[in-house]
There are 2 protein chains.
Amino acid sequence: MNEVVRTATGAIPLARPDVPLGRRSPHSKTRVLVADRNVIIRIGVRAILERTPGVAVVAEATTYDAVLDAVDEHGPDVLVIDLDLGDDTTRGLQLCEEITKRYPHTKIMILASTLSEFVVVDAMRRGVTGYLLKDDVKADELGKAVRTVQDGEVVMGKGIGNLVAHSLGSHRDIGEHVTDRELEVLKLVARGLSNKQIAAGIYITESTVKFHLQNLSRKLGAHRRAELVHKATAAGLL
Amino acid sequence: MNEVVRTATGAIPLARPDVPLGRRSPHSKTRVLVADRNVIIRIGVRAILERTPGVAVVAEATTYDAVLDAVDEHGPDVLVIDLDLGDDTTRGLQLCEEITKRYPHTKIMILASTLSEFVVVDAMRRGVTGYLLKDDVKADELGKAVRTVQDGEVVMGKGIGNLVAHSLGSHRDIGEHVTDRELEVLKLVARGLSNKQIAAGIYITESTVKFHLQNLSRKLGAHRRAELVHKATAAGLL
DNA sequence: AGCGCACCTAGCCATATGGACAGGTAACAG
DNA sequence: CTGTTACCTGTCCATATGGCTAGGTGCGCT
């Protein structure tokens with residue numbers, strides 16, 4: 001039943017055939033691209049998917065650029081990706097947007113390590129159609145989810161749907177963009193610097209530091225810098 | 001709680017033979033127990049190890065209790081484990097200590113998600129002989145590491161060795177135990193409560209809250225509560 | 001009994017912080 | 001031109017925080 005595991009780096013089974021934008025023949029397999037920086041996860045996902053009937057992993061990628069190249073080269077039906085590929089989470093969101101625009105045939109399913117209200121909502125806006133948590137998925141769910149996503153349906157892990165619904169009803173406009181400068185200040189706060197030290201460090205006044213922190217606090221719904229650091233961490237900003 | 005997960009093929013390779021404390025015959029395989037709450041990781045690690053010559057995965061476990069049962073039942077040569085099995089990291093460390101005491105034949109290799117100076121040093125003290133980061137390992141390293149650990153050698157991922165050395169030379173006595181009360185206060189700090197609110201919440205005075213925070217700050221080497229939250233998160237305390 | 005440890009309390013003081021106000025600039029899109 | 005956005009600055013004030021010293025209790029261990 002197993003023994004399906006191929007070589008680690010994985011020979012690419014097929015040269016890309018004609019990839020029409022419409023639905024493919026029911027007999028052809030769902031072609032999947034797996035993107036994760038972690039080998040163990042890549043191999044694990046590959047092993048799980050390849051024991052799912054009608055699904056085949058055509059390539060793996062470990063960086064944002066590699067994902068783009070691989071999508072372009074293989075035109076997969078589904079991209080299973082952990083957004084945390086570089087040190088810039090925002091980059092992952094942009095990537096999703098770009099792929100849904102340029103390769104509408106390729107559906108995106110996020111396989112995340114952590115649940116971030118921030119990221120989920122943003123991802124949905126950018127055309128992502130699936131969001132699962134690594135720690136939550138059962139082995140068989142993953143295969144099913146991929147096929148469901150390919151059919152254009154939305155798949156969300158338990159609790160995630162509720163989260164999104166709750167967020168949309170929330171008073172604060174979540175998903176509000178965190179600016180570069182704010183992030184810069186935030187990182188220094190996390191390192192325990194005072195407003196004065198931060199100000200001196202990046203050549204702005206203490207007033208401005210406080211200004212950025214006020215905005216950050218509003219965007220993340222925090223009222224103390226300790227909470228700010230906590231929520232920012234949970235949101236994958238640090 | 002959960003049961004021990006058996007092999008997918010369903011065959012339990014061997015009823016446990018006599019397991020002598022000394023080295024086993026060079027022809028017998030290194031018998032591995034994989035413990036991780038995440039299916040993808042378990043399958044990934046299993047796939048990687050099973051393609052390594054001379055290594056066989058005999059069981060999987062997803063909870064602390066299941067690990068203990070499985071070690072007792074299978075007497076594996078190596079336990080590959082992510083300490084983050086429950087919501088109590090400390091429990092994982094205790095588990096390691098117990099296993100090295102009661103089953104000295106079984107070597108322990110930690111396969112962690114995050115690098116925590118705190119945990120690494122503590123783990124070493126309790127007889128753990130390997131520490132790798134999921135995000136760092138190459139596929140072939142994992143197999144090698146398991147065999148190396150079985151031979152009684154210590155394996156540490158890149159950077160981890162330096163970390164340990166640096167820690168030991170550090171002025172602050174790292175690995176100093178964080179008490180229950182401190183942890184309780186810490187969690188409330190992370191949620192953005194003021195000292196006064198925390199005091200009222202757990203029926204102690206503000207002075208005591210500050211006392212606990214002072215001790216925590218010393219133990220984690222932080223000087224501001226934002227930094228405290230940051231480091232505590234990195235140390236897996238939150 | 002003596003010891004260490006977790007836990008709790010008090011007071012003092014300089015400084016940091018949060019929250020509010022009311023502005024300014026530059027770049028860029030419609 | 002007008003509106004939006006990121007970015008920057010200032011002032012005001014109440015409160016929170018960090019750092020310190022100097023105690024107290026109860027518990028388990030030797």
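- In this structure, NZ of A:K219 is placed 8 Å from P of D:dC7, rounded to the nearest angstrom.
- The closest side-chain heavy-atom distance from A:H212 to A:I204 is below 4.5 Å.
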*asked:* Is there a salt bridge (charged side-chain N to carboxylate O under 4.0 Å, His left out) between A:E98 and A:K101? Walk through the geometry before answering.
replied: CA-CA 5 Å; A:E98 195 169 344; A:K101 263 188 206 159; over 6 Å; no
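- Between the CG atom of A:L183 and the C1' atom of D:dA6 there is a distance of 14 Å, given to the nearest Å.
- Note on A:S207: a base of the nucleic acid sits closer than 4.0 angstrom, heavy atoms only.
- In this structure, B:L228 atom CG and D:dA16 atom P are separated by 19 Å, rounded to whole Å.
- Between the CD atom of A:Q197 and the P atom of C:dT15 there is a distance of 14 Å, given to the nearest Å.
- Atom CD in B:E206 sits about 11 Å away from atom P in D:dG18, given to the nearest Å.
- Each of A:F211 and A:N195 has a nearest nucleotide on DNA chain C; the 5'-most of these lies closest to A:N195.
- At the heavy-atom level, A:T179 lies under 4.0 Å from the strands shown only through sugar-phosphate atoms.
- Residue B:K210 is classed as a base contact, given a heavy-atom separation below 4.0 Å to a base.
- Between B:R218 atom CZ and D:dG19 atom C1' there is a gap of 13 Å when expressed in whole angstrom units.
- Using a 4.5 Å heavy-atom threshold, the side chains of B:K231 and B:L216 count as separate.
- Comparing C:dC8, C:dG18, D:dC7 by their closest approach to the side chain of A:R224 singles out C:dG18.
- Applying the 4.0 Å criterion to OP1 and OP2 of D:dC7, one finds that A:H212 has every side-chain N and O outside that range.
- Across the interface with DNA chain C, nearest-nucleotide mapping of A:K196 and A:S217 shows A:K196 to be the residue nearer the 5′ end.
- Taking atom CG of A:D180 as the reference point, atom P of D:dA6 lies 10 Å away to the nearest angstrom.
- The distance from atom CZ of B:R225 to atom C1' of C:dT17 is 11 Å, rounded to the nearest whole Å.
- As judged by a 4.0 angstrom heavy-atom cut-off over every strand, A:T205 is placed among residues touching the sugar-phosphate backbone only.
- Separating the CZ atom in A:R224 from the NE2 atom in A:H230 is a distance of 15.0 Å, to the nearest 0.5 Å.
- Nearest nucleotide to the B:S194 side chain, out of C:dG18, D:dC7, D:dA16: D:dA16.
- When side chains are defined from C-beta on, A:E141 does not count as touching A:L132, because their heavy atoms never get closer than 4.5 Å.
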